[in-house]
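Counting starts at 1 for both ligands and their atoms, in listed order. Here the structure is a predicted model, which is why all the values come from computation and not from measurement. FYI, side chains are in, hydrogens and waters are out, and symmetry mates aren't considered; it's all heavy atoms of this structure.
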Amino acid sequence: MKNSYNNLEKNLGDLYNFYIYYDGEFVKGNEAKISIWDHGFLYGDGFFEGIRLYGGNLFKLPEHLNRLYDSANCMGIEIPLKMEEIQTAIIETIKKNKLKDGHIRPIITRGVGGPGLAPKLCSQPSIIIMAYPLPPLLGTKPASLITCSITRKSPHSVDPRIKSLNYLDNVLAKMQAANANVDDAIMLDHSGYVAECSGENIFLIKNKVVKTPTTVASLGGITRDTVIDIAKDMNYEVLETNLVVGDLYTADEVFVTGSAAELCPIGIIDGRKVRTGSLGKITEQISKKYKHLIYNKYLTPVYD
Ligand code: PMP
(Lines give C-alpha, C1' and ligand atoms only; values in the text may rest on other atoms or scores of the structure.)
Protein backbone atom coordinates (compact mmCIF):
# COMPACT_ATOMS: atom_id res chain seq x y z
CA MET A 1 0.00 0.00 0.00
CA LYS A 2 1.30 3.43 -0.82
CA ASN A 3 0.61 6.22 1.60
CA SER A 4 -3.01 6.85 0.61
CA TYR A 5 -3.54 9.58 3.09
CA ASN A 6 -0.60 11.73 2.10
CA ASN A 7 0.31 12.25 5.74
CA LEU A 8 -3.22 13.35 6.60
CA GLU A 9 -2.78 11.76 10.03
CA LYS A 10 -0.04 14.27 10.83
CA ASN A 11 -2.18 17.22 9.83
CA LEU A 12 -5.40 16.33 11.58
CA GLY A 13 -4.79 18.90 14.34
CA ASP A 14 -4.63 21.64 11.70
CA LEU A 15 -7.71 20.34 9.89
CA TYR A 16 -9.79 20.51 13.06
CA ASN A 17 -8.95 24.21 13.34
CA PHE A 18 -10.77 25.22 10.17
CA TYR A 19 -14.03 27.09 10.59
CA ILE A 20 -17.26 25.30 9.83
CA TYR A 21 -20.65 26.79 9.07
CA TYR A 22 -23.30 25.47 11.43
CA ASP A 23 -26.87 26.72 10.96
CA GLY A 24 -25.82 30.23 10.06
CA GLU A 25 -22.88 30.61 12.47
CA PHE A 26 -19.17 30.04 11.98
CA VAL A 27 -17.51 27.88 14.63
CA LYS A 28 -14.00 26.40 14.83
CA GLY A 29 -14.22 22.75 13.80
CA ASN A 30 -12.74 21.54 17.10
CA GLU A 31 -15.27 23.58 19.08
CA ALA A 32 -18.39 22.67 17.07
CA LYS A 33 -20.94 20.57 18.95
CA ILE A 34 -23.84 18.58 17.59
CA SER A 35 -26.77 17.45 19.72
CA ILE A 36 -26.76 13.76 20.60
CA TRP A 37 -30.47 13.87 19.66
CA ASP A 38 -29.65 14.83 16.09
CA HIS A 39 -30.87 12.09 13.75
CA GLY A 40 -27.71 12.48 11.70
CA PHE A 41 -25.72 11.32 14.72
CA LEU A 42 -28.26 8.75 15.96
CA TYR A 43 -29.12 7.08 12.66
CA GLY A 44 -26.97 8.50 9.89
CA ASP A 45 -30.21 10.26 8.91
CA GLY A 46 -28.91 12.93 6.59
CA PHE A 47 -26.84 13.38 3.47
CA PHE A 48 -23.79 15.25 2.25
CA GLU A 49 -21.71 16.34 -0.73
CA GLY A 50 -17.99 16.49 -1.45
CA ILE A 51 -16.87 19.33 -3.73
CA ARG A 52 -13.39 20.34 -4.90
CA LEU A 53 -12.00 23.85 -4.80
CA TYR A 54 -9.20 24.51 -7.30
CA GLY A 55 -7.29 27.81 -7.31
CA GLY A 56 -10.22 29.65 -5.69
CA ASN A 57 -12.90 28.13 -7.96
CA LEU A 58 -15.46 25.46 -7.14
CA PHE A 59 -15.57 22.68 -9.73
CA LYS A 60 -19.04 21.70 -10.99
CA LEU A 61 -20.83 23.38 -8.10
CA PRO A 62 -24.32 23.35 -9.75
CA GLU A 63 -24.01 19.59 -10.34
CA HIS A 64 -23.11 19.02 -6.68
CA LEU A 65 -25.93 21.28 -5.47
CA ASN A 66 -28.41 19.45 -7.71
CA ARG A 67 -27.27 16.12 -6.27
CA LEU A 68 -27.60 17.57 -2.74
CA TYR A 69 -31.22 18.53 -3.45
CA ASP A 70 -31.86 15.15 -5.11
CA SER A 71 -30.67 13.42 -1.92
CA ALA A 72 -32.99 15.73 0.04
CA ASN A 73 -36.00 14.80 -2.14
CA CYS A 74 -35.25 11.07 -1.91
CA MET A 75 -35.07 11.36 1.88
CA GLY A 76 -38.09 13.63 2.25
CA ILE A 77 -36.03 16.34 3.92
CA GLU A 78 -36.66 19.96 3.06
CA ILE A 79 -33.37 21.87 3.09
CA PRO A 80 -34.17 25.08 4.98
CA LEU A 81 -32.13 27.20 2.53
CA LYS A 82 -32.66 27.83 -1.18
CA MET A 83 -29.97 26.58 -3.54
CA GLU A 84 -28.54 30.11 -4.02
CA GLU A 85 -28.40 30.54 -0.24
CA ILE A 86 -26.48 27.29 0.22
CA GLN A 87 -24.12 28.44 -2.53
CA THR A 88 -23.57 31.72 -0.66
CA ALA A 89 -22.99 29.84 2.62
CA ILE A 90 -20.43 27.58 0.90
CA ILE A 91 -18.61 30.58 -0.54
CA GLU A 92 -18.64 32.40 2.81
CA THR A 93 -17.22 29.30 4.55
CA ILE A 94 -14.36 29.10 2.06
CA LYS A 95 -13.64 32.80 2.45
CA LYS A 96 -13.74 32.55 6.24
CA ASN A 97 -11.02 29.90 5.99
CA LYS A 98 -9.08 31.81 3.29
CA LEU A 99 -8.89 28.58 1.28
CA LYS A 100 -7.77 28.48 -2.34
CA ASP A 101 -7.63 24.70 -2.79
CA GLY A 102 -9.42 22.05 -0.84
CA HIS A 103 -12.48 19.93 -0.26
CA ILE A 104 -15.89 21.31 0.72
CA ARG A 105 -18.39 19.14 2.53
CA PRO A 106 -21.94 20.42 2.96
CA ILE A 107 -23.89 18.16 5.33
CA ILE A 108 -27.63 18.20 6.00
CA THR A 109 -29.05 16.25 8.93
CA ARG A 110 -32.73 15.68 9.66
CA GLY A 111 -32.01 17.58 12.88
CA VAL A 112 -32.81 17.12 16.53
CA GLY A 113 -35.54 14.55 17.21
CA GLY A 114 -36.83 12.45 20.06
CA PRO A 115 -36.40 8.86 21.15
CA GLY A 116 -37.26 6.45 18.37
CA LEU A 117 -37.04 6.82 14.63
CA ALA A 118 -40.06 9.08 13.98
CA PRO A 119 -38.78 11.75 11.60
CA LYS A 120 -41.75 14.01 12.40
CA LEU A 121 -40.16 14.80 15.78
CA CYS A 122 -37.27 16.44 13.91
CA SER A 123 -38.55 19.95 13.46
CA GLN A 124 -35.61 21.63 11.73
CA PRO A 125 -32.89 20.10 9.52
CA SER A 126 -29.36 21.31 10.33
CA ILE A 127 -26.86 22.58 7.78
CA ILE A 128 -23.15 22.15 8.33
CA ILE A 129 -20.47 23.14 5.82
CA MET A 130 -16.87 22.07 6.22
CA ALA A 131 -13.97 23.39 4.13
CA TYR A 132 -10.41 22.11 4.49
CA PRO A 133 -7.32 21.28 2.44
CA LEU A 134 -7.22 17.74 1.07
CA PRO A 135 -4.61 16.15 -1.19
CA PRO A 136 -5.86 13.52 -3.68
CA LEU A 137 -7.26 10.90 -1.29
CA LEU A 138 -5.53 7.86 -2.79
CA GLY A 139 -2.38 9.72 -3.78
CA THR A 140 -1.29 10.06 -7.39
CA LYS A 141 0.70 6.86 -7.94
CA PRO A 142 -1.06 3.66 -9.08
CA ALA A 143 -3.13 2.33 -6.17
CA SER A 144 -3.92 -1.21 -5.08
CA LEU A 145 -7.40 -2.70 -4.54
CA ILE A 146 -9.00 -5.83 -3.16
CA THR A 147 -12.47 -7.13 -3.81
CA CYS A 148 -14.15 -7.05 -0.40
CA SER A 149 -16.96 -9.07 1.16
CA ILE A 150 -19.14 -6.05 1.91
CA THR A 151 -21.64 -5.40 -0.86
CA ARG A 152 -22.78 -1.93 -1.80
CA LYS A 153 -26.23 -0.95 -0.48
CA SER A 154 -28.91 -2.54 -2.60
CA PRO A 155 -31.10 -0.12 -4.58
CA HIS A 156 -33.99 -1.98 -2.93
CA SER A 157 -32.84 -0.65 0.45
CA VAL A 158 -31.13 2.72 0.08
CA ASP A 159 -31.11 4.16 -3.43
CA PRO A 160 -27.44 4.82 -4.29
CA ARG A 161 -28.31 8.27 -5.56
CA ILE A 162 -28.81 9.28 -1.93
CA LYS A 163 -25.41 10.38 -0.72
CA SER A 164 -26.48 9.41 2.75
CA LEU A 165 -24.57 10.07 5.96
CA ASN A 166 -24.74 6.34 6.61
CA TYR A 167 -21.49 5.11 5.09
CA LEU A 168 -21.11 2.09 7.33
CA ASP A 169 -20.83 -0.36 4.42
CA ASN A 170 -18.16 1.86 2.84
CA VAL A 171 -16.27 2.20 6.13
CA LEU A 172 -16.28 -1.57 6.62
CA ALA A 173 -15.04 -2.01 3.05
CA LYS A 174 -12.24 0.48 3.68
CA MET A 175 -11.32 -1.44 6.84
CA GLN A 176 -10.98 -4.65 4.83
CA ALA A 177 -8.70 -2.81 2.42
CA ALA A 178 -6.56 -1.47 5.28
CA ASN A 179 -6.38 -4.94 6.87
CA ALA A 180 -5.23 -6.35 3.54
CA ASN A 181 -2.65 -3.54 3.30
CA VAL A 182 -4.08 -2.10 0.07
CA ASP A 183 -5.43 1.35 -0.73
CA ASP A 184 -9.12 0.69 -1.28
CA ALA A 185 -11.79 -1.94 -1.80
CA ILE A 186 -14.00 -2.89 -4.73
CA MET A 187 -17.59 -3.34 -3.61
CA LEU A 188 -19.87 -5.63 -5.58
CA ASP A 189 -23.57 -5.03 -5.93
CA HIS A 190 -26.41 -7.26 -4.67
CA SER A 191 -26.10 -9.37 -7.87
CA GLY A 192 -22.34 -9.85 -7.73
CA TYR A 193 -21.47 -7.25 -10.38
CA VAL A 194 -18.82 -4.63 -9.70
CA ALA A 195 -20.47 -1.55 -8.18
CA GLU A 196 -17.73 0.89 -7.16
CA CYS A 197 -15.00 1.43 -4.58
CA SER A 198 -15.56 2.65 -1.02
CA GLY A 199 -15.59 6.29 -2.11
CA GLU A 200 -14.92 6.26 -5.86
CA ASN A 201 -16.40 5.03 -9.11
CA ILE A 202 -14.35 2.57 -11.12
CA PHE A 203 -13.46 2.39 -14.82
CA LEU A 204 -11.63 -0.11 -16.99
CA ILE A 205 -10.26 0.10 -20.49
CA LYS A 206 -10.20 -2.95 -22.73
CA ASN A 207 -9.24 -2.85 -26.40
CA LYS A 208 -9.65 0.95 -26.34
CA VAL A 209 -13.23 0.73 -25.05
CA VAL A 210 -13.88 2.57 -21.78
CA LYS A 211 -16.24 0.69 -19.46
CA THR A 212 -17.79 1.51 -16.11
CA PRO A 213 -20.59 -0.06 -14.04
CA THR A 214 -24.08 1.40 -14.30
CA THR A 215 -25.41 3.52 -11.43
CA VAL A 216 -27.94 0.88 -10.31
CA ALA A 217 -25.87 0.29 -7.18
CA SER A 218 -23.21 2.99 -7.37
CA LEU A 219 -23.25 6.71 -6.85
CA GLY A 220 -23.72 8.73 -10.04
CA GLY A 221 -20.34 10.36 -9.50
CA ILE A 222 -19.79 13.84 -10.87
CA THR A 223 -16.17 12.96 -11.66
CA ARG A 224 -17.52 9.81 -13.37
CA ASP A 225 -19.76 12.00 -15.59
CA THR A 226 -16.84 14.32 -16.34
CA VAL A 227 -14.60 11.38 -17.33
CA ILE A 228 -17.33 9.86 -19.53
CA ASP A 229 -17.68 13.20 -21.34
CA ILE A 230 -13.90 13.51 -21.78
CA ALA A 231 -13.60 9.96 -23.15
CA LYS A 232 -16.49 10.50 -25.59
CA ASP A 233 -14.97 13.82 -26.73
CA MET A 234 -11.77 11.88 -27.45
CA ASN A 235 -13.84 9.51 -29.58
CA TYR A 236 -13.48 6.52 -27.32
CA GLU A 237 -16.44 4.20 -27.08
CA VAL A 238 -17.87 4.37 -23.54
CA LEU A 239 -20.04 1.59 -22.13
CA GLU A 240 -22.00 1.81 -18.88
CA THR A 241 -22.60 -1.85 -18.30
CA ASN A 242 -22.54 -4.82 -15.92
CA LEU A 243 -18.96 -5.81 -15.12
CA VAL A 244 -17.58 -8.72 -13.11
CA VAL A 245 -14.29 -8.80 -11.24
CA GLY A 246 -12.77 -10.89 -14.06
CA ASP A 247 -13.33 -7.92 -16.38
CA LEU A 248 -11.09 -5.90 -14.09
CA TYR A 249 -8.43 -8.66 -13.89
CA THR A 250 -8.25 -8.83 -17.68
CA ALA A 251 -8.50 -5.11 -18.41
CA ASP A 252 -5.71 -3.20 -20.09
CA GLU A 253 -6.11 -0.26 -17.70
CA VAL A 254 -8.14 0.44 -14.57
CA PHE A 255 -8.68 3.72 -12.74
CA VAL A 256 -11.02 5.15 -10.12
CA THR A 257 -12.67 8.56 -9.92
CA GLY A 258 -14.06 10.82 -7.23
CA SER A 259 -13.98 14.42 -6.12
CA ALA A 260 -11.73 13.51 -3.18
CA ALA A 261 -9.59 10.92 -5.02
CA GLU A 262 -9.73 12.77 -8.38
CA LEU A 263 -8.53 10.33 -11.06
CA CYS A 264 -6.26 7.61 -9.70
CA PRO A 265 -4.76 4.76 -11.76
CA ILE A 266 -4.95 1.24 -10.34
CA GLY A 267 -1.87 -0.99 -10.46
CA ILE A 268 -2.93 -4.09 -8.50
CA ILE A 269 -6.28 -5.82 -7.94
CA ASP A 270 -6.51 -8.78 -5.55
CA GLY A 271 -2.76 -9.31 -5.87
CA ARG A 272 -2.87 -9.36 -9.68
CA LYS A 273 -1.03 -6.76 -11.71
CA VAL A 274 -3.25 -4.73 -14.01
CA ARG A 275 -1.92 -5.40 -17.50
CA THR A 276 -0.26 -2.03 -17.97
CA GLY A 277 1.11 -2.31 -14.42
CA SER A 278 1.15 1.43 -13.89
CA LEU A 279 -0.32 4.50 -15.55
CA GLY A 280 -1.95 3.30 -18.80
CA LYS A 281 -1.81 5.39 -21.98
CA ILE A 282 -5.52 6.13 -22.25
CA THR A 283 -5.83 6.77 -18.50
CA GLU A 284 -2.98 9.25 -18.86
CA GLN A 285 -4.67 11.03 -21.79
CA ILE A 286 -7.98 11.27 -19.91
CA SER A 287 -6.20 12.37 -16.75
CA LYS A 288 -4.43 15.19 -18.61
CA LYS A 289 -7.72 16.47 -20.02
CA TYR A 290 -9.30 16.20 -16.57
CA LYS A 291 -6.51 18.25 -15.00
CA HIS A 292 -6.95 20.90 -17.68
CA LEU A 293 -10.71 21.01 -17.16
CA ILE A 294 -10.65 21.48 -13.39
CA TYR A 295 -8.79 24.76 -13.79
CA ASN A 296 -10.57 25.97 -16.89
CA LYS A 297 -14.21 24.86 -17.13
CA TYR A 298 -17.32 24.37 -14.99
CA LEU A 299 -15.94 26.79 -12.40
CA THR A 300 -17.74 28.96 -9.85
CA PRO A 301 -15.37 31.66 -8.54
CA VAL A 302 -15.25 32.19 -4.77
CA TYR A 303 -13.24 35.40 -4.65
CA ASP A 304 -14.22 38.54 -6.61
N1 PMP B 1 -18.96 6.57 -4.92
C2 PMP B 1 -19.02 6.87 -3.61
C3 PMP B 1 -19.56 5.86 -2.67
C4 PMP B 1 -18.59 8.12 -3.14
O5 PMP B 1 -18.67 8.41 -1.85
C6 PMP B 1 -18.06 9.04 -4.08
C7 PMP B 1 -17.50 10.35 -3.62
N8 PMP B 1 -18.40 11.17 -3.08
C9 PMP B 1 -18.02 8.70 -5.43
C10 PMP B 1 -18.47 7.45 -5.82
C11 PMP B 1 -17.52 9.67 -6.46
O12 PMP B 1 -18.45 10.69 -6.65
P13 PMP B 1 -17.99 12.14 -7.11
O14 PMP B 1 -17.20 11.97 -8.34
O15 PMP B 1 -19.25 12.87 -7.35
O16 PMP B 1 -17.19 12.72 -6.00
Taking the six-membered ring for Trp, are H103 and Y132 parallel (under 30°), tilted (30 to 60°) or perpendicular (over 60°)?
tilted
In terms of heavy-atom contacts, P160 and V216 come closest through CG-O, 3.1 Å
Set out, in order, the CA-CA distance, both residues' side-chain angles and the distance that settles side chain to side chain contact (heavy atoms under 4.5 Å, CB included) for F18 and L99, then state yes or no.
CA-CA 10 Å; F18 281 85; L99 263 189; 4.1 Å; yes
Taking the six-membered ring of Y19 (Phe, Tyr or Trp), confirm whether the NZ or CZ of K28 is under 6.0 Å from its centre and within 45° of its axis.
yes
Would L243 end up clustered with I205 when hydrophobic side chains under 4.5 Å apart are linked, directly or stepwise?
no
Is the distance between the ring centroids of F255 and Y290 under 6.0 Å?
no
Pairs under 3.5 Å, nitrogen or oxygen of ligand 1 with protein nitrogen or oxygen:
residue	atom	partner	partner atom	Å
ligand 1	1 (N)	E196	OE1	2.5
ligand 1	5 (O)	K163	NZ	3.3
ligand 1	5 (O)	Y167	OH	2.5
ligand 1	8 (N)	K163	NZ	2.5
ligand 1	14 (O)	I222	N	3.3
ligand 1	14 (O)	T223	N	2.9
ligand 1	14 (O)	T223	OG1	2.6
ligand 1	15 (O)	R67	NH1	2.8
ligand 1	15 (O)	R67	NH2	3.0
ligand 1	15 (O)	I222	N	2.7
ligand 1	16 (O)	S259	N	2.8
ligand 1	16 (O)	S259	OG	2.7

